[in-house]
Amino acid sequence: MARPIIALLTDFGLHDHYVGAMKAVVLGICPDATIFDITHDIPPQDVMTGALELEAVVPFLPPGTVVVTVVDPGVGSSRRGVAVQAGGLCFVGPDNGLIELAVRGHTDRVVVDIANRSYTRASISRTFEGRDRFAPAAAWLARGVSIQDLGPAVESLARLDVPEPLVSDDTIDGVVLRVDRFGNLITNIGLDHLGTVGAGGLVQIGEATIERVATTYADLPHGAPGALVGSTERLEIAVNGGSAAGLLQIGRGASVRVRRRRGSAL
Amino acid sequence: MARPIIALLTDFGLHDHYVGAMKAVVLGICPDATIFDITHDIPPQDVMTGALELEAVVPFLPPGTVVVTVVDPGVGSSRRGVAVQAGGLCFVGPDNGLIELAVRGHTDRVVVDIANRSYTRASISRTFEGRDRFAPAAAWLARGVSIQDLGPAVESLARLDVPEPLVSDDTIDGVVLRVDRFGNLITNIGLDHLGTVGAGGLVQIGEATIERVATTYADLPHGAPGALVGSTERLEIAVNGGSAAGLLQIGRGASVRVRRRRGSAL
Amino acid sequence: MARPIIALLTDFGLHDHYVGAMKAVVLGICPDATIFDITHDIPPQDVMTGALELEAVVPFLPPGTVVVTVVDPGVGSSRRGVAVQAGGLCFVGPDNGLIELAVRGHTDRVVVDIANRSYTRASISRTFEGRDRFAPAAAWLARGVSIQDLGPAVESLARLDVPEPLVSDDTIDGVVLRVDRFGNLITNIGLDHLGTVGAGGLVQIGEATIERVATTYADLPHGAPGALVGSTERLEIAVNGGSAAGLLQIGRGASVRVRRRRGSAL
């Protein structure tokens, strides 16, 4: 039988023993688990970035993967800790919007409040539920415990509103959602939105105007900002061989406008 | 049979191939091992921080885990390389104080000098014993080799003195031991020390006076420094939604005083 | 049967979900794989550093390891994606010089162009072939697919020229190839080159003159630059208890000269 797979996504960083403690707890309960990291470098307490990164990786997770995800400004408060089953995957973490985006649209979803103390550590630190509640719950799910055994069903999940671009006849107005390691600026403008103006659109961001949407980094002019649809099917501003964030001095939240070129067909 | 578990804690960082080389060596000897990282971001050659991080994670390690731990300013010198068995765990690393804190108080401990070259790489780099001596020794232990086979027994382990707080009738004087990823200031004042002044104590650190010890980050005033007992059962100075280290401009070694509030019962 | 081992080396960093997505894809195809990281902190698009780090770790990889290696300024362009089998290992990545150094001198090598779409994801992002082409190809190799099945054989691999030191009767002139986490300056001068001047050589770098080549960090004078042969058998400039890069304000590309001491025998 295949070994259970547990993936972790947190804002804990790798500087401290925190992620190590979570893995230790998982392996104590489910020694056969294969554990891997999605990322632990979500900016501290930035639930929106956590939710977007989780959404981005979900299509690639093997069926049956249990994801432990902790970005939790409200740790120790009355916000719920939940386990969610949807689309053949399970998610465990705080109910603060981190998980909902990844399971949005799944009609088969089951949500429970992780209240059954049989499946947490005996003592739960008010400051580290990742170690004491979420890691154990995930490990028990990976071992085959049914999600219903973790606690009572919950009707709704906390929901984050990702800013949607404004689409008019001639323009799409969006924002930069995320800056990646390479300085690429990933926007909230998706492949579907772009369809309305076509690849012939002009892209305006900061002081720069980009003449066309390319298909790969290597097609961009060297050292100048370019636009393309990136690996998560969103419009990205990138620099071939450099950093768009650095060159344009622009970060998350910056405005991006895609404009239909005069005379171009839709 | 369960797969053996090997955990790594070093100051090697993740910038170079060094940790990868250690894992390669482990898997070459013990291909069934499950390897996980505690952290590799101990500040270079900071044995004290390594020892404290190791101590913090030990209570959560699955029985039988073999920990390879390398923070080793004296690599290549005459300091011993040791394997230690205690409390159902094994530790492998330099005998410079890094391990002793984690096994202090264990009367069942077995310590050996890793001198048997049958369980190291044939050639041992004078600058990278982590790869050539410690990783192989740990992998052989995980494969089932007896600790006594690694080399001759050793009587004592090098010991680090973690600074202890000064406790008087009215005050506890401690220091910041560690600053974590979130900018939380973790002190050497433990839950047991705090019992002597009660949660009603005032906490003084730098320019700040904190009125009470809270139980969770979410209970702290937003944007102002607060105090609470953190996940390793030590007094922490933290800022709800921010960084205490940043706000107070304070780091490791800073003084912290807990004072009994006038008129408060113990 | 032993579980297949897959090692990753990229410039993707750990800030984003990119490495997590690659591991998810690997485990979806080969759920029994043991995956480990060599490093993901190759400077963005720095193929030379990637090739050198790969070369450094190769001697330690267990037989049968499949290495996925992606540092790929030309992602999405016409550069080939290749799988290479040599010396009992497999390598998968872009054919841009990243792999060739690690397999140089192996006469048994087999190289194929990963063109068979049965062993890639159905849709290949023009900006993330690591996820859609290289991770799947590696996972299929780990599952036992023959390298020949991945695509047609290729005659040659793109080759990087690592700068070679200039050796004369009295001097060796080299450069710093890499600065590691500890601030050690790793040069292109190997143990074999040093043989020509002996350990009695003077080492000159920046403003510093170092009197002899030591054998271990602990032998170096505290706080002053020293020279020794490091764990990859190259001449390193290091500071005992400090950073040579910081102290000398010197980085990659800096010149290093080893000079025979007057009157010393070869």
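Letters A, B, ... mirror the listed sequences (proteins, then strands); counts begin at 1. What's counted below: heavy atoms across the whole structure, side chains too, no hydrogens, waters or symmetry copies.
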**Student:** Checking B:Val179 against chain A: side chain, backbone, both or neither under 4.5 Å from a heavy atom?
**Tutor:** backbone
**Student:** Write down the atom of B:Arg181, the atom of A:His15, and the distance for their closest heavy-atom approach.
**Tutor:**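 Closest pair (atom of B:Arg181, atom of A:His15, distance): N-CD2, 4.3 Å.
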**Student:** Kindly indicate whether the side chain of B:Phe182, heavy atoms from C-beta on, has any atom under 4.5 Å from the side chain of A:Asp11.
**Tutor:** yes
**Student:** What closest approach, in Å, do B:Ala56 and A:His17 show between heavy atoms, and which atom pair accounts for it?
**Tutor:** CB-CE1, 3.4 Å
**Student:** Heavy-atom count around A:Gln148 CD within 6.0 Å, excluding the residue itself: above 12?
**Tutor:** yes
**Student:** For B:Val58, is it the side chain, the backbone, both, or neither that has a heavy atom closer than 4.5 Å to a heavy atom of chain A?
**Tutor:** neither
**Student:** Any idea which heavy atoms bring A:Gly28 and B:Pro62 closest together, and the distance?
**Tutor:** N-CG, 3.5 Å
**Student:** Measuring heavy-atom distances to chain B, does A:Arg79 have an atom under 4.5 Å in its side chain, in its backbone, in both, or in neither?
**Tutor:** neither
**Student:** Would you confirm whether A:Thr127, through its side chain, and B:Ser231, through its main-chain N or O, come within 3.5 Å as a donor-acceptor pair?
**Tutor:** yes
**Student:** Is a side-chain donor or acceptor of B:Thr216 paired with a backbone partner of A:Arg126 at a separation under 3.5 angstrom?
**Tutor:** yes
**Student:** Could you measure the distance from the CZ atom of B:Arg3 to the CG atom of A:Leu27? Nearest 0.5 Å is fine.
**Tutor:** 8.5 Å
**Student:** What distance separates A:Asp16 CG from B:Thr232 OG1, expressed to the nearest 0.5 Å?
**Tutor:** 10.0 Å
**Student:** Do A:Ile35 and B:Phe36 have side chains that get closer than 4.5 Å, going by heavy atoms?
**Tutor:**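 No, their side chains stay 4.5 Å or more apart.
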**Student:** Provide the closest heavy-atom pair for B:Phe60 versus A:Ala21 in the form atom of the first, atom of the second, distance.
**Tutor:** CB-O, 4.3 Å
**Student:** At a 4.5 Å cut-off on heavy atoms, which part of B:Leu220 comes close to chain A: side chain, backbone, both, or neither?
**Tutor:** neither
**Student:** Considering only heavy atoms, which portion of B:Leu228 lies under 4.5 Å from any heavy atom of chain A: side chain, backbone, both, or neither?
**Tutor:** side chain
**Student:** Between B:Asp37 and chain A, with a heavy-atom cut-off of 4.5 Å, which part of the residue counts as in contact: side chain, backbone, both or neither?
**Tutor:** backbone
**Student:** Please identify, among A:Ala33, A:Pro44, A:Ser78, A:Ser125, the residue contributing the most non-hydrogen atom pairs under 4.5 Å to chain B.
**Tutor:**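 Among A:Ala33, A:Pro44, A:Ser78, A:Ser125, the one with the most close pairs to chain B is A:Pro44.
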**Student:** Which one, B:Leu61, B:Asp219, B:Leu14, B:Thr215, leads in non-hydrogen pairs under 4.5 Å with chain A?
**Tutor:** B:Thr215
**Student:** Report which part of A:Asp41 has an atom under 4.5 Å of a heavy atom belonging to chain B: side chain, backbone, both, or neither.
**Tutor:**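 It is both, since atoms from each part get that close.
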**Student:** Measuring heavy-atom distances to chain B, does A:Phe12 have an atom under 4.5 Å in its side chain, in its backbone, in both, or in neither?
**Tutor:**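 A:Phe12 touches chain B through backbone and side-chain heavy atoms alike.
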**Student:** Side chain from CB out, backbone as N, CA, C, O: work out which of these in A:Asp132 comes under 4.5 Å of a heavy atom of chain B, or both, or neither.
**Tutor:**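 Just the side chain, heavy atoms under 4.5 Å.
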